[in-house]
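The following block contains the structure, expressed as structure tokens.
When reading the values below, keep in mind they use all heavy atoms of this one structure, side chains included, and skip hydrogens, waters and symmetry mates. Naming convention: chains lettered A, B, ... in sequence-line order (proteins, then strands); numbering from 1 in each chain.
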Amino acid sequence: MPSEQFEAEYPRWTSSLKVQVSLLVLLISLAGIGSLYGVFTVTERKLVSDFENEEVTLIENFVNSTLTPIMLTGQATLMASIVESYKELSNLEELKILRANGEEAFTDESTITEVNQYLGWEKFSREFAKETKQIIPADDETLRKVNQTSEKSIIKVKNIDGSYNIRMMIPIVNEESCHICHGESSKIRGILTASFSLTKIGENVNKNIYGVTQFAAIAILLLSLSMFFLFKGIVLNPISDIVRQINSIIKGGKYDIRVNAKSKNEIGNLASVLNSFIGAVEKYRHEQATEKDRLEAAVREKTKEIRDKNRIIEEDLKMAGRVQKRLLPERLPQIHGYKFEAKYIPSMHIGGDFYDVFRLKNGSFGIFIADATGHGSSAALLVTIVKTLLVASAEEANSPSALVKTINKYMATITPDDANVTLFYGIIEVETKKMTYCLAGHPPPIIFNPEENRLIKLDINGGLVGAFEESLFEDYEFELKSGDKLFAYTDGLVEPLDLENRYFGINRVISIIQENYGASDENLMAKMMDAVYKYTGGADLEDDVTMLMVDLD
Amino acid sequence: MEIGKRKNGDVSILDLNGNIKTAEELEIFTTSISDILAEGCTKILLNFSKVNFITSSGLGRLVLALKKVEEVSGALKVTNLVNELDELFTYTRLKEKIPVYKSEEEALSKF
């Protein structure tokens with residue numbers, strides 16, 4: 001089975017599912033990671049602010065629930081060390097009690113002396129006093145505000161290194177219970193200043209959050225990649241496989257291949273259905289091939305049959321042709337004072353034209369040219385009849401018309417109604433050059449004299465021979481002269497058509513004769529045939545062509 | 001070749017559309033004549049306006065057609081011959097047996 005070589009014409013789209021899905025997966029991943037990051041950042045902020053609030057609340061509580069009761073006990077030393085301890089415990093950067101004027105409490109001699117006096121012993125170490133320094137720079141405005149408003153101040157401060165601190169100033173209100181030691185004059189006894197770093201907690205949270213975010217990002221990427229590969233494996237690859245397999249079927253022309261239909265999903269369905277389709281195509285192609293083989297065999301057989309029959313017919317025709325050729329003169333007679341030239345071109349193996357030149361007893365000779373209806377073997381049969389009648393009757397016939405009448409009578413009775421011949425029969429007296437002729441249904445012979453530039457057509461004096469029993473035929477006479485030439489021919493010479501269905505025609509024949517007055521008979525006839533072939537554009541001739549020429553010295 | 005059949009009164013007109021050359025064409029022609037005669041019509045006019053070419057066999061079939069028409073004492077006429085065919089009809093003297101007219105009207109008037 002021959003394979004059909006053609007390219008599958010599926011369009012190769014530049015934006016493929018692969019690209020589209022990859023982009024989608026990438027987008028989703030980025031969106032996922034982005035939102036995750038967003039969530040975590042918000043969470044971070046919340047955590048930090050929660051922490052901030054917590055610390056603030058803790059410190060406030062420390063003041064209210066720890067410092068104040070201790071101060072009520074008058075144990076200032078205890079308070080100082082508790083503040084110190086709390087600072088350590090809570091990881092604060094700064095925790096100090098200031099006096100209302102901004103000086104650090106419990107660091108001056110007079111306070112220490114006063115407190116020790118109150119306590120009754122040297123509880124406050126003077127070493128303590130010397131070592132502590134004022135770390136918090138004096139923030140006059142905030143201090144003043146706290147003093148005035150008795151409201152706490154919480155400020156976020158940016159340090160030089162970019163980190164953030166929360167600086168708190170909580171007023172320690174001079175309540176009634178404190179009046180005993182501190183008097184009534186001031187509204188606040190002191191200010192607790194605290195400072196803690198946000199950055200540190202921020203950094204911690206960050207570290208944790210980024211850790212989680214990185215983990216989540218990787219997880220999302222891995223998920224996306226696996227989704228993508230899953231898609232590729234379940235959808236894209238099977239589809240590509242199917243495309244590739246079908247392409248190879250088309251290219252290779254082998255339809256016994258099937259595509260992979262193992263996927264247990266819609267793609268598997270598509271593949272199965274495609275396989276059914278391919279199977280159907282295979283079956284069809286097989287049927288077609290079988291049918292084709294069958295037809296080819298039948299044609300071969302028939303052709304052989306016809307060829308054999310034709311060969312028989314051809315052989316038959318060839319044989320008939322050989323027979324018919326014998327009817328035509330092998331040689332034209334030698335008659336003193338006259339030259340004869342003939343050219344015969346049958347349209348098939350066997351023709352319907354006939355000609356002869358023969359001596360007659362009374363010092364004359366006859367020239368005879370005939371054209372039977374049709375061509376091929378049917379025409380040849382008629383020619384045989386004509387020749388037979390001619391041979392049998394030429395001597396007895398007094399004149400050309402007498403002979404023609406004989407031929408006509410016999411042919412009209414013994415041949416079919418549509419069979420007839422046209423002919424020219426001229427009897428020429430050798431000495432006198434007088435010609436008597438009968439021209440029946442035949443294109444007129446041309447008599448011309450190159451030297452005297454004379455040319456005429458002979459006249460018709462009879463119709464189709466063998467058509468009607470009652471037909472009349474006459475004799476005309478013509479005086480030939482020295483130097484005259486007679487050009488007789490059959491219809492096949494004037495019949496040929498050009499591409500526009502126009503006849504070659506008698507006038508064209510005459511023109512060619514006139515153009516070639518100097519030529520020999522042979523040359524003239526050759527030129528005539530050349531002209532015919534050129535005129536028809538090389539097409540085969542439909543009818544036999546015969547040309548017969550007589551030259552008078 | 002296609003042959004168109006028309007009637008004008010009791011005259012059947014055959015329009016010959018093509019050449020009379022091949023065996024097929026010869027048969028079509030002969031059959032058309034037979035058919036018309038079989039119908040009982042004895043007057044036939046042949047319109048050669050579309051005929052370029054007729055072989056000797058074609059002429060033979062014309063002779064046959066004429067004989068058939070004469071058998072039933074009918075009339076066969078021809079019209080609209082092109083020049084070359086007119087010449088052919090002249091030197092075969094068929095014109096003496098089958099009248100040729102220049103136009104259909106003229107031919108019809110002579111039936």
Exercise. Where on A/Glu470 is there a heavy atom nearer than 4.5 Å to chain B: the side chain, the backbone, both, or neither?
Worked result: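 Interface part for A/Glu470: side chain.
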Exercise. Relative to chain B, which segment of A/Leu497 carries a heavy atom at a distance below 4.5 Å: side chain, backbone, both, or neither?
Worked result: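 When you check distances to chain B, only side chain atoms of A/Leu497 fall under 4.5 Å.
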For this session: In plain terms, say whether A/Lys527 and A/Asp530 are close enough for a salt bridge, that is, a side-chain N and a carboxylate O under 4.0 Å apart.
Result: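 Salt bridge: no.
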Problem set entry | B/Leu26 versus chain A, the contacting section by heavy-atom distance below 4.5 Å |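 Neither part, no heavy atoms under 4.5 Å.
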Problem set entry | Structural part of A/Asn420 lying under 4.5 Å from a heavy atom of chain B |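 Answer is side chain: those atoms of A/Asn420 sit under 4.5 Å from chain B.
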For this session: Please determine, among B/Arg61, B/Lys21, B/Glu87, B/Lys67, the option with the most heavy-atom pairs under 4.5 Å with chain A.
Result: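 Greatest number of close heavy-atom pairs with chain A: B/Lys67.
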Exercise. Within the side chain of B/Asn19, is there an N or O that forms a donor-acceptor pair under 3.5 Å with the backbone of B/Asn52?
Worked result: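 Yes: the side chain of B/Asn19 pairs with the backbone of B/Asn52.
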Problem set entry | Proximity breakdown for A/Val494 and chain B, heavy-atom pairs closer than 4.5 Å |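 Side chain only.
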Exercise. According to the interplanar angle, ranging from 0 to 90°, do the rings of B/Phe48 and B/Phe89 count as parallel (below 30°), tilted (30 to 60°) or perpendicular (above 60°)?
Worked result: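 It falls in the perpendicular class, over 60°.
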For this session: Could you check A/Thr422 against A/Val465 for side chain to side chain contact (heavy atoms under 4.5 Å, CB included), going step by step and ending with a plain yes or no?
Result: CA-CA 6 Å; A/Thr422 68; A/Val465 179; over 6 Å; no
Exercise. Side chain, backbone, both or neither: which part of B/Leu62 has an atom under 4.5 Å from a heavy atom of chain A?
Worked result: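 Neither; nothing under 4.5 Å.
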For this session: Under 4.5 Å heavy-atom distance to chain B, tell me which part of A/Pro443 shows up: side chain, backbone, both or neither.
Result: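 Contact with chain B: backbone and side chain both.
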Exercise. What class does the angle between the rings of A/Tyr437 and A/Tyr476 fall in, given that below 30° is parallel, 30 to 60° is tilted and above 60° is perpendicular?
Worked result: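 Ring orientation of A/Tyr437 relative to A/Tyr476: perpendicular.
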Problem set entry | A/Leu541 versus A/Pro496, closest heavy-atom pair with distance |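 Closest pair (atom of A/Leu541, atom of A/Pro496, distance): CD2-CG, 4.2 Å.
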Problem set entry | Part of B/Lys95 within contact of chain A (heavy atom distance under 4.5 Å) |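 When you check distances to chain A, no heavy atom of B/Lys95 falls under 4.5 Å.
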Exercise. What part of A/Leu439 is in contact with chain B, defined as an atom under 4.5 angstrom from a non-hydrogen atom: side chain, backbone, both or neither?
Worked result: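 No part of it gets close to chain B.
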Exercise. Could you go step by step and tell me if A/Tyr355 and A/Asp371 meet the side chain to side chain donor-acceptor pair (under 3.5 Å) rule?
Worked result: CA-CA 9 Å; A/Tyr355 68 92; A/Asp371 184 354; over 6 Å; no
For this session: Sort out for me which of A/Ile506, A/Ile460, A/Val421, A/Asp459 touches chain B most, counting heavy-atom pairs under 4.5 Å.
Result: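 Result: the option with the highest number of such pairs is A/Ile460.
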Problem set entry | Engaged part of A/Ala419 at the chain B interface, taking heavy atoms whose separation is under 4.5 Å |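 Looking at A/Ala419, nothing touches chain B.
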Exercise. Hey, what's the ring geometry for B/Phe53 with A/Tyr503, parallel, tilted or perpendicular (30° and 60° as the breaks)?
Worked result: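 It falls in the parallel class, under 30°.
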